[in-house]
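Quick notes on the structure that follows.
Naming: A, B, ... by sequence-line order, numbering from 1 per chain. Computed over heavy atoms, backbone and side chain alike; hydrogens, waters and symmetry mates excluded. Everything numeric in this text was worked out from a predicted model, so none of it was measured.
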2 protein chains.
Amino acid sequence: MPGPSSLSSTGDRATMRDVATLAGVSLKTVSRVVNDERGVSPEVRQRVSAAVVTLGYRPNHAASTLRRRGARTGLVGALLQDLSNSFSGALLRAIEDVARENRTAVLTASIDEEVDRERDLVRDLLGRQVDGLVLMPTGRDHAYLGEELRAGPPVVFVDRPPRGLEADAVTVDNVLGARRGTEHLLAQGHRRVAGLFHLPGVLTAQDRVTGFTAAHADRGMQPDPRLVVTGVPSSVEAARVVGEMLALDDPPTAIFAGRNNLSTGAIRALAERGVQHRVALVGFDDYPLADLVDPPLTVVKQNVPRIGRAVGELLFARVAGDPSPPRHLVVEPTLVPRGSGEIPPPG
Amino acid sequence: MPGPSSLSSTGDRATMRDVATLAGVSLKTVSRVVNDERGVSPEVRQRVSAAVVTLGYRPNHAASTLRRRGARTGLVGALLQDLSNSFSGALLRAIEDVARENRTAVLTASIDEEVDRERDLVRDLLGRQVDGLVLMPTGRDHAYLGEELRAGPPVVFVDRPPRGLEADAVTVDNVLGARRGTEHLLAQGHRRVAGLFHLPGVLTAQDRVTGFTAAHADRGMQPDPRLVVTGVPSSVEAARVVGEMLALDDPPTAIFAGRNNLSTGAIRALAERGVQHRVALVGFDDYPLADLVDPPLTVVKQNVPRIGRAVGELLFARVAGDPSPPRHLVVEPTLVPRGSGEIPPPG
DNA sequence: CTGAAAGCGCTAACAA
DNA sequence: TTGTTAGCGCTTTCAG
């Protein structure tokens, strides 16, 4: 085997040293050229550049940031719930855009509502020296993060606020959204409005229940407990639940679905029974084709790109050193009437 | 300022050295404990662990892989077209799952059909020493990658094959898919079938045109050139194009939309004119709510999770050292009849 | 304008 | 079982 001073490419990548040797200059000079620092004669610069090309040299980012201690890695993490879900996807895209403006790459992963996975992922990203972290957390307590983040990078929570921890967050006003969606139905005279909600451990779900109830209370009403179902995990289950409700003696005349996948289940249940034009439906969260279903779906919509951008900008402000106390931005969702939510009660 | 031997945490992160000092052991011993290597007495191990906790120490991944030269970084890149698009999102999710099985994190970004961005992103990721790269490339030539990848990590192309370069790839048989979708319409007696396709520079679009034409040729037919439009960039534009076609003296009785966003445009145009139950429609690519629109949308569907998994498995086989020649997996899309594609021609 | 030496945080290869 | 030394690829510091 050749000695340590061998210049032959052993299948490995060329290093700055190799470039220096080939160009007949010192290490530091190559470093200057690669980093576009001044103080190199055009001639030498040219020679070094040529060597870089010949060897196919690429700077080693890790080594570089290791040496300049405390420097940024140009890497942020985005831990969302499910990257295949359109909400997480749109969020990731918006965060990516802001990251790009800050010359930063994005590491991402899905948490899938699993607390252990969340914790493992946070650890992994911190070990990779990310400059910042976006976290769409699971429902539980986040106090453990306090320890993880001591002297760690800034974290911005999204969609769900931190619990047991002071931290930046951008969330949607879920109480308000559910309240508006429900009120929209009540204002049209509906008196039996069903509510479907997802996992009760998730704060967004709880808030939506609260808004649903509050809208009733605003009118001195109380929802029928038989029409309020929490812990509905899936679209399929939502369809089953709606089917049961429609079989009641006094079935609901309107439905509020507290999450996008629950809306689809409700639509299916209504369509199967041919009552999609007789029972009103308002859903929380939008879908790309929601205006093309029959009838077009009325939704409470979150401005996801806006949320994502706010998250990104907050994060990079922190990365840049903004020392102000934790901020909590709350974005108002809006009601988009399309037809399904404007079906009047019978009689 | 304190000298270089200062042990006080200066707000920076604790290092392995700090842990060693606090635990009263050597650097290497800490390394052993952190990496779960054998050869440390339980007592010492305990002492070190305690110090780790006290200092909130996290191993520096970059430094670690720098030292063990040639070792994996446990990082792969996934450069897709648009992370907010459900296709890219589902793909990313599947790749992520395989990556997780290989204890690897995923760096991702959107290319947005911009050639320069693709190249910049590839460079950036290579500089970050990724173990592998998934690339959903733009339409142009990829020969430049040959240079970038000399002694670089393995690359797997997805959705679109490499051009001017030998590399692994997983693609969909777009010719076959378009042919099946078009044939489905022709078999029902349609004789005037319109075709909408996206950017002609993108190979997938070209292949779908080919399949569309081939299906006609199979029956000794030729599509009316006025009914075949390529370069349709968006849903809005698709709606406009379809509107124009419907105003012809001899309008199409069926439409084949060569991409998911073109389907939505077509649906809108048909619905606006109230002919959605009289003109047949088959779309390429599925949507989450496609079965709930009116009429339910018949599509040629790609099995995206399967594609993503194949990509991931191919990539990690290469990362593990699989030296076999480049493979090209072609996945067959399937026709999913739902209603819109089964509308018969008039008369 | 250019370069030599030191060292970022960590692990490999050896000691002891 | 534990520790010492060297050095990954790079940038900093300080000298020429």
May I have the step-by-step check of side chain to side chain contact (heavy atoms under 4.5 Å, CB included) for A:L75 and A:Q129, ending in yes or no?
-> CA-CA 8 Å; A:L75 204 59; A:Q129 324 299 123; over 6 Å; no
Are the charged groups of A:R45 and A:D36 less than 4.0 angstrom apart, N to O?
-> yes
Aromatic ring proximity, centroids under 6.0 angstrom, A:H142 and A:F157 = yes
Rounded interatomic separation in angstrom, taking CZ from A:R47 and P from C:dC1 = 15 Å
Separation of C:dG7 atom P from A:L66 atom CG, nearest Å, is 14 Å
Rounded distance (nearest 0.5 Å) linking atom CG of A:D120 with atom CD of A:E114 | 10.0 Å
What's the closest nucleotide to the B:R67 side chain, out of D:dT11, C:dC1, C:dC10?
-> C:dC10
Counting side-chain heavy atoms from C-beta on, which of C:dG9, C:dT2, C:dG3 comes nearest to A:V25?
-> C:dG3
Nucleotide nearest B:R68 when distance is taken to its side chain, options C:dG3, C:dG9, C:dA12 = C:dA12
Within less than 4.0 Å of OP1 or OP2 of C:dT2, is there a side-chain N or O belonging to A:S26?
-> no
Would you mind reading off the distance between B:K28 atom NZ and D:dT1 atom P, rounded to a whole angstrom?
-> 14 Å
A:R309 side chain vs A:A94 backbone, donor-acceptor pair below 3.5 Å | no
I would like to know whether A:R13 and B:L126 meet side chain to side chain contact (heavy atoms under 4.5 Å, CB included); could you show each step before the answer?
-> CA-CA 11 Å; A:R13 243 210 175 71; B:L126 292 184; 3.5 Å; yes
Tell me: CD of B:Q129 to C1' of D:dG9, nearest whole Å?
-> 9 Å
Going by heavy atoms in the side chains, are A:Q81 and A:R160 under 4.5 Å from each other?
-> yes
Has B:T29 got a side-chain N or O lying under 4.0 Å from the OP1 or OP2 atom of D:dT2?
-> no
May I ask you to test the A:N102-A:V319 pair for a side-chain heavy-atom distance under 4.5 Å?
-> no
B:D82 side chain vs B:D112 backbone, donor-acceptor pair below 3.5 Å = no
Atom-to-atom span, CG of A:N35 to P of D:dG9 - whole angstrom | 17 Å
To the nearest angstrom, how far is B:D36 atom CG from C:dT11 atom C1'?
-> 16 Å
Using a cut-off of strictly less than 4.0 Å between a heavy atom of the residue and any atom of DNA chain D, enumerate the qualifying residues of residues 49-57 of chain A by number.
-> A:Y57
Nearest to the side chain of A:L27, which nucleotide is it out of D:dC10, D:dT1, C:dT11?
-> D:dC10
Among the nucleotides C:dC8, C:dG9, D:dT1, which one has an atom lying closest to any side-chain atom of B:A63?
-> C:dG9
Side-chain atoms of A:N60 come closest, of D:dT11, C:dT11, D:dC10, to D:dC10
Does B:T65 put a side-chain nitrogen or oxygen below 4.0 Å from OP1 or OP2 of D:dC8?
-> no
Answer yes or no: does a side-chain N or O of B:S41 lie under 4.0 Å from OP1 or OP2 of D:dT1?
-> no
Just checking A:R38: base, sugar-phosphate only, or nothing, at a heavy-atom cut-off of under 4.0 Å?
-> nothing
For the pair made of CZ in A:R128 and P in C:dG9, what is the distance, rounded to whole Å?
-> 19 Å
Once you round it to whole Å, what is the distance between P of D:dT13 and CZ of A:R32?
-> 13 Å
Per-helix bend value, the helix from C:dC1-D:dG16 to C:dA16-D:dT1, C1' rotation axes over five pairs per end, 10° rounding, shows 40°
Look at B:R327 together with B:E313 and state whether they make a salt bridge at an N to O cut-off of under 4.0 Å.
-> no
